[in-house]
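Encoded as structure tokens, the structure appears first; notes follow it.
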Amino acid sequence: MKKWMKSSAVLFVVSVAVACGGAQDPAAYNNELMLTINENEKHITDMNAAMNAADYTKASEVRTAWETNLEKQIEKVGEIGSFNGDNTLQQAVLQGLKAYEKIVKDDYPKLIEIRSTGADDPAAETTALNNINDAFEKAANTVNEAGAAFEKQQLEN
């Protein structure tokens with residue numbers, strides 16, 4: 001599951017890159033969106049720790065708290081709105097958060113169940129892990145591409 005950790009770390013790099021250049025308003029807008037999505041890093045770390053410790057009760061607790069936090073993040077990003085009429089970055093972050101939400105609501109419960117029951121089903125576990133990793137990577141790439149396009153546009157303006 002290290003693959004998606006690298007992708008999500010790139011989100012932070014993009015947010016810092018935009019914050020260092022350009023006008024304050026676009027940087028503040030970008031930072032607010034990126035800080036919101038990057039709040040998920042704590043949940044990712046907590047989930048990895050619980051799963052690595054085979055503490056599936058804790059993993060379920062992390063998942064529930066994460067789901068609640070994602071609902072708040074999605075609402076917050078919706079309220080942030082567009083930047084001077086351009087909602088491309090906002091929509092990419094929303095898309096990323098909704099991908100995280102699907103992972104937390106659908107994929108992690110399956111993985112927790114597989115592991116907690118001790119079911120010897122390596123194919124199902126691999127499928128669940130691949131779904132999680134692929135979704136995290138796709139979400140990170142979507143946000144990173146939108147962040148880079150936003151940065152480029154702001155530097156041109």
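- Applying the side-chain hydrogen bond (donor to acceptor under 3.5 Å, both in side chains) rule to N69 yields the partners Q73; only residues at least two apart in sequence or on another chain are considered.
- Across all non-hydrogen atoms, the minimal contact from P109 to V104 is CD-O, 3.3 Å.
- Panel note: side chain N40, backbone I37; a donor-acceptor pair is recorded below 3.5 Å.
- In this structure the side chain of T36 never reaches within 4.5 angstrom of the side chain of V93, judged on heavy atoms.
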What verdict does the side-chain contact (heavy atoms from CB on, under 4.5 Å) test give for L111 and M51, after you've listed the backbone C-alpha separation in whole Å, the side-chain angles of each residue and the deciding distance to 0.1 Å? CA-CA 9 Å; L111 182 60; M51 295 297 276; 3.5 Å; yes

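- Here the side chain of N87 pairs no donor or acceptor atom with the backbone of Q90 at under 3.5 angstrom.
- The shortest heavy-atom contact between G96 and V143 is CA-CG2, 4.3 Å.
- The ring pair (Phe, Tyr, Trp, His ring centres under 6.0 Å) analysis of residues 110-131, with sequence neighbours excluded, yields no pairs.
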Begin from the C-alpha positions of K102 and K98 and carry the test side-chain contact (heavy atoms from CB on, under 4.5 Å) through to its verdict. CA-CA 6 Å; K102 183 194 175 303; K98 288 178 182 176; over 6 Å; no

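- Here the straight-line distance linking atom CG of D107 with atom CG of N131 works out to 5.0 Å at 0.5 Å rounding.
- Atom CD of E113 has 12 or fewer heavy atoms from other residues, nucleotides or ligands within 6.0 Å.
- Between the side chain of N144 and the backbone N or O of A140, at least one donor-acceptor pair lies under 3.5 Å.
- The distance from the CD1 atom of I44 to the CD atom of E41 is 4.5 Å, given to the nearest 0.5 Å.
- Closest approach of A99 to A139, counting heavy atoms only: CB-CB, 3.9 Å.
- A distance of 9.0 Å separates CG of D55 from OG of S60, quoted to the nearest 0.5 Å.
- The closest side-chain heavy-atom distance from K76 to K72 is not below 4.5 Å.
- Separating the NZ atom in K138 from the CD1 atom in I103 is a distance of 11.0 Å, to the nearest 0.5 Å.
- Every residue meeting the side-chain contact (heavy atoms from CB on, under 4.5 Å) condition with V62, not counting sequence neighbours, appears here in chain and number order: D46, M47, K58.
- Counting heavy atoms from C-beta outward, N30 and Q154 have side chains that stay 4.5 Å or more apart.
- Between L97 and V77, the shortest heavy-atom distance links the atoms CD1-CG2, 3.7 Å.
- Y108 and I114 are members of different hydrophobic clusters when ILVMFWY side chains are connected at heavy-atom separations under 4.5 Å.
- With rounding to the nearest 0.5 Å, the separation of CD in Q95 from CD1 in I74 is 11.5 Å.
- Note on ring orientation: taking the six-membered ring where Trp is involved, the planes of H43 and W66 are parallel (angle under 30°, cut-offs 30° and 60°).
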Decide side-chain contact (heavy atoms from CB on, under 4.5 Å) for L70 and E67; before the verdict, give the C-alpha distance in whole Å, the side-chain angles of both, and the deciding distance to 0.1 Å. CA-CA 5 Å; L70 278 163; E67 183 177 342; 5.6 Å; no

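- Residues satisfying the ring pair (Phe, Tyr, Trp, His ring centres under 6.0 Å) test with F83, not counting sequence neighbours, are Y29, F150.
- In this structure, the side chains of L94 and Q91 come closer than 4.5 Å at one or more pairs of heavy atoms.
- E145 pairs by the salt bridge (charged side-chain N to carboxylate O under 4.0 Å, His left out) definition with nothing, not counting sequence neighbours.
- At a threshold of 4.5 Å between side-chain heavy atoms, the hydrophobic network of Ile, Leu, Val, Met, Phe, Trp and Tyr places M34 and I80 in one connected group.
- With sequence neighbours left out, the side-chain hydrogen bond (donor to acceptor under 3.5 Å, both in side chains) criterion links E125 to R115.
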